[in-house]
Amino acid sequence: MANICQYGSFTHAVVRSIPETFGGKAESGDGHENGDVSVDLAKAQRQFGCLTGALRQKVGLQLIEIPPDPELPESWRIEDVAVIQGDTALITRPYKHQRRSEVEAVRRVMSELNVTVVEMGAADGDSGGATLEGSDVLFTGREFFVGLSSHTNRRGAEVLADTFKDFAVSTVPVCGGARLKNICSMGGPDTIIINNSDGAKKTLRMMEQLTDHHYEVLTVPEESAANCVYIRGPSSRDFLLHRPAEECPDSVSAFQKLQDYTLLPTACSEASKLGASLSSLCLLINRKHTYF
Amino acid sequence: MTTEAGSETEVKENAEESAAQPDPSEKAKEDNKEVVDVAGEDKDKEKEKEGKEGKGISRYLPTWLKKQKSQSQTSPTKEALPTEEEVSKATQEEEGPAPEVNGHAEEVEEKEAVKSEQVQEKEAESHSNASADTEPAKEETVEENTEKSPEETKEAAEGEEAVEQKKEQEGEVNGEEEGGEGGEGQTSIFQSPLRLVRKTKMKLVVCHVNLLDGTDFSCEVEKRAKGQFLFFKVCEHLNLLEKDYFGLSYTDSHEQKCWLDPTKEIKRQIRSNNWQFAFNVKFYPPDPSLLTEDITRYLLCLQLREDVATGRLPCSFVTHALLGSYTLQAEFGDYEPDQPRPLDYINQRTFAPNQNKEMEEKILELHKSHRGMTPAMADTQFLENAKKLSMYGVDLHQAKDSEGVDIMLGVCANGLLVYKDRLRINRFAWPKILKISYKRNNFYIKIRPGETEQFESTVGFKLQNHRSAKRLWKVCVENHSFFRLNSPEPPTKARFLTLGSKFRYSGRTQAQTRVASSLIDRPEPNFERTSSKRISRSLDGAPVISITEAGRDTTENGRDPHLELHSDSKVKEVDLSPGDADATPTKQSPGASELAPSQSPMRVHGDNIYDHDKTQDEVLKHQASISQLKRSFMEAPPPSPPQPNQWEKRLTSSPATTIRIQQQQVSLEEEIASALFSRRSGTGFCSEALSACSIPEPTLDAVITTFSSTPTTSTAVCKTASERGLLIPTTASLFGSEASVPQPEADAADNRISDTKEPAKTTEVEIEETVVVQEVSKAPKPGLVTVTISSPEMNEQEAKAEEEALVAEGAQAVKQESISSDSESEEEAEYHPNVSVSISHTQIPEEKEEEEEEDQEEKEEDTSAPDAPSLPAEVIKPEEAIGQEVEDSRRDDAQEKTSAKEGKESEKETETSTDDPMMTPKEAPNGLDLHEESVSEMVAPVAAEEEEQPKVNGEASLVEAEVRPQVICCSEPPVVKTEMVTISDTFAAQKTEIATKEVPIVHTETKTITYEAAQLDGNGDGEPGVLMTAQTITSESLCTTTTTHITKTLKGGLSETRIEKRIVITGDCDIDHDQALAQAIKEAKEQHPDMSVTRVVVHKETELAEEED
């Protein structure tokens, strides 16, 4: 199929800055009653800066930063609004109404990047109530797993399946976390990083049941450590952005099992308070398509 | 019986030869080639006129050809043939073997048989002409073999090849020539149909086959030709050698696409006058790069292009474009910008269901980038991309789930996929599936329980109608067989009991076809890639044929051993038992015993059923039929072929005489161990072998003790053992004797009846559920057999179980028949993929699961056991390495009983005839069958007496001399029994220690039996996953609870897994603790084939059935 390039190969990263309204409006919905959560805006912005810096300077991606919109307090969670595979971007339909306008800026960027844009919300107006957020989608390079969560429904998964016909799209229940990507992420072409909770194990079992492939599983003790960003850099080096030792002291040793990886500890404590994580903050795109 | 024994020996010998002498097979191959050539000539000759027999080889060929033609006339042919055969003998080699082969098989076989001239001669007399298919001929041969005795066996060994072939043939079912040949060689295949044509002078029909490149191929086919004939015609036309991935399809009267069954007549399948077919890919190779020939890949590409263009294989825009560009590159070569043509042809071609200008431009753009790529490379790239598509090779079927929701079921190489609106919502890999069945419009799969689950579950889907359910089922069976098996599961022959469709995949499996294609040695055939519709005619490669044949032969050889193994272990056992009785009396000498086993396999392979029928009672027939059933179910691709052979060898050589056995116990053990090792080494379970070795010893001892007194029995035991390839059987018989003992007691003394009757209960249960149970048990057993062998107990148990089943069936014959009639409707069919799974020996888990199923079934049976008084029985088995379930023990006991009964029968020749009938009734009565009970009671006294002794012996073997006391107990009516039996399977020293019995006759309600086996570190790495089982099955009066404790420890570098299972059986009715024990052990071993049973403790608390009191 057309996605011959190796899994994790990206050329661009799209991020959206942290607005001043960060954490202002209730982010509840994720099960995190952040009404009580106090977030440090400055710290969040610092951490965001560290992330983008790592992507640009350490990994070597071209960074496209969409300016923040104070009207959209959650717009920094850019992962949710698009699912990108190959040269196709599916613009999703977030669960919250107030977030649906976030997609406009992202759609624009996608078009500029010459990515084929597929609209989830466009089809027959309402798309039959389909909702899908990117943080519930795990693309392994071979197939999609869509976590059916409070924010993503089956109809949304069907649209995803129709968009990426080359791949098997399996739905799994999200246990042990609000979002699929909160409990697991890819740590390499065939490696799934998953946290140690019972719910995560349950989800993992389901994934194993549904897949034809075999994945290595890297289990990390801390729940929040399971969300990492794997990027295969331009020079074929393996990069892994993960939570630093200050945030997940017990999991660092697990990451060090990954052979020949360049580990990039990246703090994400403030976004994490709002139920987000490292991967929530960026969209990764590969514009260097080679089919042969 | 004699026949059985003979067959076994032969098999063993065959195995030996095969192991020792690779040469013969090669020779055989060569011979085959020659024969084929000759055959081709013969064909022509025949066409002109059949009989030109004047010339050496040519004569022979004609003969068999004639035979085939005149199959219907078997008897006359036979008479005529003998003379010819004699001539052939004179001529020698080739013919010599042929007679045997003829008896069972066909041309190729005959050729192979050549080596064993002597055998040929002997058999040739009776059989030579006898059409292979004709059963009576087989019988004759068997008898002859027995008469010949040792010498013959040796000869038979020589004729191993022939036997193997026979087996194969048998496996192929009625397959007759065509079916069998299908795998073998083109020539042979073609020949057979041609012959048929000549014979019948049937009308010819023109078939139109739509080929993948869009062209139409038409050819004339005899109206009654089988699917295979047409298929090979097409493949010949295409010059395709790797044809196993392809098939012919037709559209039935309901507009459904169906696969043409190669083994059946075309006319009967299409059911219309529309002889239109399509040549399609039937099995999509998961990795097309492993295909040998470009032409095969090209055809696969053509199929995939069609799939993509029609939307059957969905893919994204980019993938459409990419695949299209490779198609252009393959068909038109490099992009030439000067020519405006590309755009033209691109418009006319369909690359995608929703093709548009944008896509075409993209295709051209990508096409430009493929410059320099050869057509073959472009095809390869096409396939590399296509194979990654998630729906590649997935055959979708519309269905509804249990809640009526529309879903799609996708059958593919890996298993069964469940889709709902494009989303994959579930997946059942083949290893997870225990059974596939359909009933009316329902399609069921039985799922192996997961780590956290206790029971297997059955998932049901509803299809539109029963036809689609059956079609789906067939596709599943075929896909599983093709992708998961080493060799196809032989189709089930017509048996006494027919359960639903007998359909099985008849072609070569992927493993086989890969081997075959690796031997393709022809230069790449030229073929023209065209933009569809252009005829790409392949060369009719004459040279190819030889190559193909060679490859096929090899595959066949590979198959044969497997088949033999399976059949031997399972079928033989069952058949043998009845047969043994007869045989045993005749052959009291050790040599005789050897012979008997050798013959036994023959029987099994060659439709033993019939022999039995003639010789003995209906019961035997039933058994045979049962055995076949089992076999069919059980027959899974055996492990590596050589292993069994060695095994057999050992058995034959070692045991023959009882005395010998005693003296050579150690040696035997060693042999067994070595045999086990050899096998397991292949399998990878060395540890098991060790454990197994330890176990066998006790068995031997038991045998000795028991049988030293009764020589006949011993021989029988030996036979059985040899048959199984394991000494274990003897133990089984012993156990069986014990089990049977209770029955007599029951008869004699009502008080005890409850206890004694317990065995009967088991049988009863089986009877009631016979059909299901048998099937299930069969399936698992096969897998078990291979693995289990290491531990004698297991074997015994298995054998016993089978035997029991047989007996039960026999007893229940009436019932079963009724049942069978019900089940026969084609609307139902079952298929046990696991059994077949045997492909990879290493995949023990599947087998275990199957075993579990069996166990459960057994439990059910037990529970079902009707009205017996309440007998709570607790069975506690701490097993070091092997976790055995009580259920297993039950089964084992039951099996043992049956075996014992059989053994008894053998001992008491005079009685034997009666015994068989007796046996059935007894079991049945025990089983609580009302009518049977009456009979059983009647018979019981006699049988009981007989049985008791053997039973006693059986216990004695375990315990040492205590058997008799038990008998006494039986005689004493009101007794409460307290027995402490400790059995340890250890090396000799331990053995002595092991057996400890407290005098049985005490009135006590508690009985404790302990089995101990000394283990070397062999337990090794069991499966880490471990089965945790806690089952409670409650039926009317029985309650079974199983608790499993698993402990893992690390010894040295080895991890040892200890499984301790505690099984509590409580019930109001009589419980046969022996059965329970046997079953539990058996199940445990089945579940953990790589473990050994170290200790079995049976604690039995019985409220004395003091009915009288």
Side-chain angles (χ1 to χ4, degrees), chain A residues 1-5 7 85-90 115-118 128 130 132 137 140-148 152-173 198 201-202 204-214 286 289-292, chain B residues 286 308 311 313-323 325-326 329 352-354 358 362 365-367 369-373 377-378 381-382 384-394 410 412-415 417-430 432 447 450-453:
Chain A
M1 53 198 60
N3 65 317
I4 306 230
C5 39
Y7 177 74
Q85 196 285 313
D87 67 346
T88 303
L90 173 66
V115 172
T116 304
V117 173
V118 177
L132 180 103
V137 177
T140 69
R142 305 174 187 274
E143 61 195 315
F144 285 97
F145 291 105
V146 178
L148 298 180
T152 298
N153 60 24
R154 180 178 297 280
R155 185 78 190 90
E158 288 169 13
V159 176
L160 182 86
D162 285 335
T163 305
F164 303 105
K165 289 180 182 169
D166 292 349
F167 300 94
V169 178
S170 306
T171 55
V172 297
D198 290 339
K201 286 178 183 169
K202 188 175 172 188
L204 179 66
R205 265 200 303 276
M206 197 62 199
M207 289 164 59
E208 287 173 337
Q209 155 96 19
L210 284 165
T211 186
D212 294 326
H213 306 288
H214 175 72
N286 184 7
H289 283 300
T290 51
Y291 300 110
F292 338 101
Chain B
V308 169
L313 180 57
C315 49
S316 65
F317 174 86
V318 178
T319 303
H320 271 307
L322 186 63
L323 294 179
S325 68
Y326 284 124
Q329 182 70 24
N354 50 351
E358 183 189 3
K362 184 77 175 174
E365 174 194 336
L366 292 172
H367 182 200
S369 64
H370 299 324
R371 178 170 295 281
M373 197 177 279
M377 289 165 61
Q381 286 301 314
F382 180 96
E384 284 304 300
N385 283 280
K387 78 174 186 190
K388 296 181 194 164
L389 296 171
S390 72
M391 298 302 287
Y392 171 82
V394 177
C412 67
N414 293 326
L417 302 168
V418 184
Y419 292 93
K420 179 172 182 294
D421 297 327
R422 276 272 168 75
L423 296 177
R424 185 186 288 182
I425 58 174
N426 213 340
R427 171 177 172 274
F428 304 101
W430 291 127
K432 285 283 286 180
I447 309 300
E451 297 175 357
T452 58
E453 297 147 356

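The sequence lines fix the lettering, A, B, ..., with proteins before strands; numbering per chain opens at 1. From a predicted model like this one, the values you see are computed outputs, not experimental measurements.
Using a 4.5 Å cut-off between heavy atoms, A:T116 makes no contact with chain B at all. Using a 4.5 Å cut-off between heavy atoms, B:N414 touches chain A through its side chain atoms alone.
From B:I425, atom CD1 reaches atom CD of A:Q209 across 11.5 Å, with rounding to the nearest 0.5 Å.
Annotation: maximal heavy-atom pairing with chain A below 4.5 Å, among B:R424, B:R422, B:M391, occurs at B:R424.
Looking at A:D166, its side chain does come within 3.5 Å of a backbone N or O of B:S316 through a donor-acceptor pair. Checked by atom type and distance alone, the side chain of B:Q329 pairs as donor or acceptor with a backbone atom of B:M373 at under 3.5 Å.
Using bins of under 30°, 30° to 60° and over 60° for the plane-to-plane angle, the ring pair B:Y326/B:H370 lands in the parallel bin.
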